[in-house]
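Heads up, the thing below is written out as structure tokens.
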Amino acid sequence: MSDDASADQPGPRHAAIIMDGNGRWAKSRGRPRSFGHKRGVETVRRTVEDAGDLGVRYLTLFSFSTENWSRPADEVGALFELLKHYVEADLEGLARRGVRIRIIGRRDNLGPDLIAIIDRAEARTRENAEFHLTIAFNYGGRDELLRASQSVARAAADGSLDPDTLDETGLAGHLDTAELPDVDLMIRTSGEQRISNFLLWQAAYAELVFLDVLWPDFDRQDLARAIDTYRQRSRRYGGVDAGAA
């Protein structure tokens with residue numbers, strides 16, 4: 001197979017990736033987990049470029065989950081520093097390339113320095129529309145749905161929302177991803193086959209592709225292979241294939 005996705009069927013507009021395997025990659029080389037996370041950032045840089053080249057317009061990456069707080073404090077601290085470094089080092093280049101950056105997830109327990117960096121990245125790229133990069137940081141799908149439900153409840157309580165008129169579109173407007181289309185393709189690296197509380201609402205009809213490659217080793221060919229797999233599937237959304245008996 002070539003390293004570019006085939007063009008026989010439309011490719012995914014929105015791809016989401018669970019970037020798994022940094023720690024195992026580092027352990028296999030006798031290095032600390034933080035070394036794997038640092039190498040994983042380089043894979044993020046490559047993947048943002050490759051996704052755009054392969055026709056993806058929206059890319060959402062799972063960087064740090066609400067459950068990751070249970071990891072050792074030094075690893076959590078390293079992940080926070082890596083997000084800061086990535087945004088600070090790459091912001092201007094991404095902005096010049098027309099990339100819009102969004103950081104989704106809970107912010108009330110993040111430090112003011114990190115929140116300032118997030119706010120600056122989002123403000124700097126708000127008018128961009130060439131490519132949409134979303135980083136899920138301190139994010140959990142159930143937590144997002146809980147926060148959205150609380151937002152709906154507050155709107156109903158203050159009279160700005162009639163609960164009887166609420167539909168799926170209205171609820172989606174209270175999610176972190178309110179401005180984004182639903183996920184078409186969800187990829188998980190490292191061989192694990194679960195979605196781990198990632199984009200539970202948005203991925204309701206996503207095609208799932210699990211790759212037996214650790215995230216630091218994920219490359220353009222792996223992304224193209226996942227897109228090829230997506231293109232070979234029939235997305236029926238609860239219906240049947242055209243012409244099926």
Side-chain angles (χ1 to χ4, degrees), residues 1-22 25 37-64 82-83 85-87 89-105 121-122 124-137 139 176-177 179-190 195-196 198-199 202-203 205-233 235:
M1 186 191 74
S2 69
D3 69 348
D4 286 324
S6 62
D8 52 344
Q9 298 292 335
R13 184 184 184 202
H14 185 177
I17 305 178
I18 301 172
M19 306 180 293
D20 195 16
N22 289 338
W25 184 89
H37 293 312
K38 289 179 182 178
R39 184 60 64 93
V41 171
E42 297 303 317
T43 306
V44 168
R45 291 189 171 104
R46 292 197 310 267
T47 302
V48 170
E49 292 189 11
D50 293 339
D53 290 344
L54 295 172
V56 175
R57 288 285 311 283
Y58 296 82
L59 178 66
T60 301
L61 303 175
F62 202 4
S63 175
F64 183 85
L82 283 173
L83 177 64
H85 176 74
Y86 173 70
V87 173
D90 289 43
L91 177 56
E92 289 306 314
L94 291 169
R96 286 192 298 269
R97 287 161 47 198
V99 176
R100 180 169 180 181
I101 299 172
R102 294 176 178 86
I103 312 293
I104 61 172
E122 292 185 330
R124 174 69 178 86
T125 62
R126 185 165 288 122
E127 302 304 317
N128 290 349
E130 185 70 22
F131 186 86
H132 298 260
L133 172 62
T134 302
I135 299 174
F137 190 87
Y139 172 89
D176 295 349
T177 55
E179 298 178 308
L180 303 177
D182 283 346
V183 176
D184 299 305
L185 168 64
M186 181 176 286
I187 301 167
R188 182 174 186 143
T189 60
S190 86
I195 63 173
S196 295
F198 185 40
L199 299 176
Q202 302 86 343
Y205 282 100
E207 297 297 326
L208 307 180
V209 174
F210 302 105
L211 299 178
D212 193 17
V213 56
L214 301 177
W215 176 247
D217 292 327
F218 183 85
D219 60 16
R220 181 187 180 94
Q221 185 172 358
D222 295 313
L223 179 58
R225 178 158 54 101
I227 293 174
D228 276 340
T229 299
Y230 170 88
R231 286 177 165 168
Q232 293 165 15
R233 295 181 182 175
R235 305 188 74 201

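If you read the sequence from its start, that first residue is 1, and numbering goes on from there.
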How many angstroms lie between atom [atom1] of [X] and atom [atom2] of [Y], to the nearest 0.5 angstrom?
X    : Y    : atom1 : atom2 : value
R57  : E130 : CZ    : CD    : 6.5 Å
D53  : R220 : CG    : CZ    : 5.0 Å
L133 : L61  : CG    : CG    : 5.5 Å
I187 : Y230 : CD1   : OH    : 11.5 Å
I17  : L223 : CD1   : CG    : 6.0 Å
H85  : L83  : NE2   : CG    : 11.0 Å

Given side chains that start at C-beta, do those of [X] and [Y] come closer than 4.5 Å, heavy atoms only?
X    : Y    : value
V48  : L94  : yes
R126 : R100 : yes
Q202 : H14  : no
E92  : R124 : yes

Next item on the list: Give the C-alpha distance, both sets of side-chain angles, the deciding distance and a yes or no for salt bridge (Lys or Arg N to Asp or Glu O under 4.0 Å) between R45 and E42.
Entry: CA-CA 5 Å; R45 291 189 171 104; E42 297 303 317; 2.6 Å; yes
Check: Do you know which of T229, D228, D222 makes side chain to side chain donor-acceptor pair (under 3.5 Å) with R225?
Finding: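 With R225 as partner, T229, D228, D222 yield a single side chain to side chain donor-acceptor pair (under 3.5 Å), made by D222.
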Considering non-hydrogen atoms only, spot the tightest contact between [X] and [Y] and give its length.
X    : Y    : value
T125 : L91  : CG2-CD1, 3.9 Å
S190 : D20  : OG-OD2, 2.8 Å
I195 : I18  : O-CD1, 3.3 Å
F131 : L59  : CZ-CB, 3.6 Å
L180 : Y58  : CD2-CD2, 3.7 Å
D176 : G105 : OD2-N, 3.1 Å

Notebook entry, point to check: Quick one: does R46's side chain have a donor or acceptor within less than 3.5 Å of a partner on F218's backbone?
Noted result: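 Pair found, side chain donor or acceptor close to backbone of F218.
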Check: Does R39 reach the main-chain N or O of D217 with its side chain, forming a donor-acceptor pair under 3.5 Å?
Finding: no
Next item on the list: Verify side chain to side chain contact (heavy atoms under 4.5 Å, CB included) between R102 and E179, making sure each step is shown before the conclusion.
Entry: CA-CA 10 Å; R102 294 176 178 86; E179 298 178 308; 3.5 Å; yes
Item checked: Y139 and F198 aromatic ring geometry - parallel, tilted or perpendicular at 30°/60° bounds ->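 The arrangement is perpendicular - the two ring planes meet at more than 60°.
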Margin query: Does R97, at its CZ atom, have more than 12 non-hydrogen atoms belonging to other residues, nucleotides or ligands within less than 6.0 Å?
Written below: yes
Notebook entry, point to check: Does the pair I135 and F64 meet the rule for a side chain to side chain contact (heavy atoms under 4.5 Å, CB included), with working shown?
Noted result: CA-CA 9 Å; I135 299 174; F64 183 85; over 6 Å; no
Next item on the list: Apply side chain to side chain contact (heavy atoms under 4.5 Å, CB included) to the pair L199 and T60, showing each step before the final yes or no.
Entry: CA-CA 10 Å; L199 299 176; T60 301; 4.1 Å; yes
